[in-house]
Protein chains: 2
Amino acid sequence: MPKKEISEAVIKRLPRYYRQLKHLQEQGIEKISSTKLAENLNLTASQVRQDFCNFGGFGQQGYGYDVAKLKNELAVILGLDKNFNLIIVGAGNMGRALAGYKGFDSDGFVISALFDVVTPVESINNIPLYNMDSLEDYLKNNNIDIAIITVQKQVAKQVARELVDCGIKSIWNFAPVDLDLPKGVVVENISLKESLFVLSYRSKNIHNQDEQNID
Amino acid sequence: MPKKEISEAVIKRLPRYYRQLKHLQEQGIEKISSTKLAENLNLTASQVRQDFCNFGGFGQQGYGYDVAKLKNELAVILGLDKNFNLIIVGAGNMGRALAGYKGFDSDGFVISALFDVVTPVESINNIPLYNMDSLEDYLKNNNIDIAIITVQKQVAKQVARELVDCGIKSIWNFAPVDLDLPKGVVVENISLKESLFVLSYRSKNIHNQDEQNID
């Protein structure tokens, strides 16, 4: 368990390490050096070693890392050694897409219900769709770890408050607003539009560089 | 136009500034101080001023920023003063969700076609779905700025190569793989799973902190 504060940048690299190790394991690779691991992830070997130092090291220098062991240790650090029960609030395009996405189950993230103010169907991809009216009761009677917010930005803050009032402590927020949440509640924002804007910025600037190079 | 290298962290904040200024404009707010803008975004005033310095400043100290003017300047920097034509490669859940998402059009991102190896329908949300066989011809005959990759990870690299061979210079990648792309091609990766893993890490660690506090 980490004793000191781990930086945001390190936290964001942990899933990438985990993914890479899973990939190596699938390929039957049993040992990997920090140099090779760094190369695969466009990092430096010293960065990899420093990152792992935050969690006690994971291996003896010169011998390389045991892929399976390191993957399992990272799984524990990331909390992936247990299952999570999730609900989705907002059954629009994004909510439906997430409900239909098959990739989360294998890592232990199980979506158990969707909620919306309109419920034209009873279920989406075999996940029941309930009216928002029943959210409170549902959260009382089911052990939900994470709520996914995929509602319109205008109502996202209110939905987040409702969820927190019902005891939710972890929110995955797809709405393009900063939710003001009390201490002790964690939120991870994911904004498609921000990512797309970063791409348009980069596109514009790399093309300008090209033009400058031509001049 | 930025003269020096802008840091990743600054680039990633630009869309957040833009979104905030748009929001302020919608609320009829005409002027904003760096202090207030910073507060709204959980940043410090000096960070905001430093960020804007990268692009020449944008305002006179003590007078606050003109919201509309700053928003428009950021739009130009982000490349949002022009329209982008996009295609989606991969018409699975994520590709379909993006095709159905209404939020991109208003910022000038227009999705003109989807491609997949299977084409059970002719269109998704009025956007035509074509077979991958016709990708090359389509890209020859249409001016496409950005390709969105939403295929399975096993084929993502190959799809990216095909796109680049057909002249695509900007890729928005939803597949959980690092695409090896030649210089001059920009890619922005967005990984739902990495974001979810960061959330599970935070959930686990904040809950452990809570338990430690109770002891």
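Every chain is numbered from 1 and lettered A, B, ... according to where its sequence line falls, protein lines coming before strand lines.
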Task: Those residues of residues 154-168 of chain A, ordered by number, that approach chain B below 4.5 Å (heavy atom to heavy atom) - done: none
TODO: Identify which part of B:Leu196 has an atom lying under 4.5 Å from any heavy atom of chain A, answering side chain, backbone, both or neither.
DONE: both
- [ ] Give, as side chain, backbone, both or neither, the part of B:Asn40 having an atom under 4.5 angstrom from any heavy atom of chain A.
- [x] backbone
- [ ] Please check if atom CD in B:Gln27 has more than 12 non-hydrogen atoms from other residues, nucleotides or ligands closer than 6.0 Å.
- [x] yes
TODO: Name the region of B:Gln152, side chain, backbone, both or neither, that has any atom closer than 4.5 Å to a heavy atom of chain A.
DONE: neither
Task: Minimum heavy-atom distance between B:Arg202 and A:Val187, given as atom pair plus value - done: NE-O, 4.3 Å
TODO: Would you mind telling me which of B:Ser200, B:Ser191, B:Ala97 has the largest number of heavy-atom pairs within less than 4.5 Å of chain A?
DONE: B:Ser200
- [ ] Show the numbers, then the answer: is there a side-chain contact (heavy atoms from CB on, under 4.5 Å) between A:Leu41 and B:Asp178?
- [x] CA-CA 8 Å; A:Leu41 291 165; B:Asp178 292 314; 4.2 Å; yes
Donor-acceptor contacts, no H, no angles, side chain residues 75-92 of chain A, under 3.5 Å, sequence neighbours left out:
from, atom 1, to, atom 2, distance (Å)
A:Asn85, ND2, A:Asn143, O, 3.2

Task: B:Lys153: side-chain contact (heavy atoms from CB on, under 4.5 Å) partners, not counting sequence neighbours - done: A:Glu26, B:Pro176, B:Val177
TODO: Measure B:Arg19 against the heavy atoms of chain A and call it side chain, backbone, both or neither at under 4.5 Å.
DONE: side chain
- [ ] Could you give me the CA-CA distance, side-chain angles and deciding distance for A:Ser203 and B:Glu188, then say whether side-chain contact (heavy atoms from CB on, under 4.5 Å) is met?
- [x] CA-CA 10 Å; A:Ser203 305; B:Glu188 176 70 12; over 6 Å; no
Task: Ring geometry between B:Phe109 and A:Phe197 (parallel below 30°, tilted from 30 to 60°, perpendicular above 60°) - done: parallel
TODO: Tell me, for B:Leu14 versus chain A, whether the close heavy atoms (under 4.5 Å) come from the side chain, the backbone, both or neither.
DONE: side chain
Open item on the list: Under a 4.5 Å cutoff for heavy-atom pairs, which residue among B:Ile148, B:Ile11, B:Leu98 has the most contacts with chain A?
Closed with: B:Ile11
Open item on the list: Applying side-chain contact (heavy atoms from CB on, under 4.5 Å), can you list everything that pairs with B:Ser34, at least two apart in sequence or on another chain?
Closed with: B:Ala45, B:Val48, B:Arg49, B:Tyr65
Open item on the list: Quick check on A:Asn126: does its CG atom have over 12 non-hydrogen neighbours (other residues, nucleotides or ligands) under 6.0 Å away?
Closed with: no
Open item on the list: Minimum heavy-atom separation for A:Ser195 and B:Asn189, please, with both atom names.
Closed with: OG-O, 4.4 Å
TODO: Determine the minimum heavy-atom distance between A:Phe104 and B:Leu192, stating which atoms define it.
DONE: CZ-CB, 4.2 Å
- [ ] With side-chain contact (heavy atoms from CB on, under 4.5 Å) as the test, would you mind laying out the steps for B:Lys12 and A:Glu194 before giving the verdict?
- [x] CA-CA 8 Å; B:Lys12 288 207 186 296; A:Glu194 284 181 20; over 6 Å; no
TODO: Against chain A, work out which of B:Asn42, B:Val185, B:Ile190 has the most heavy-atom pairs shorter than 4.5 Å and name it.
DONE: B:Ile190
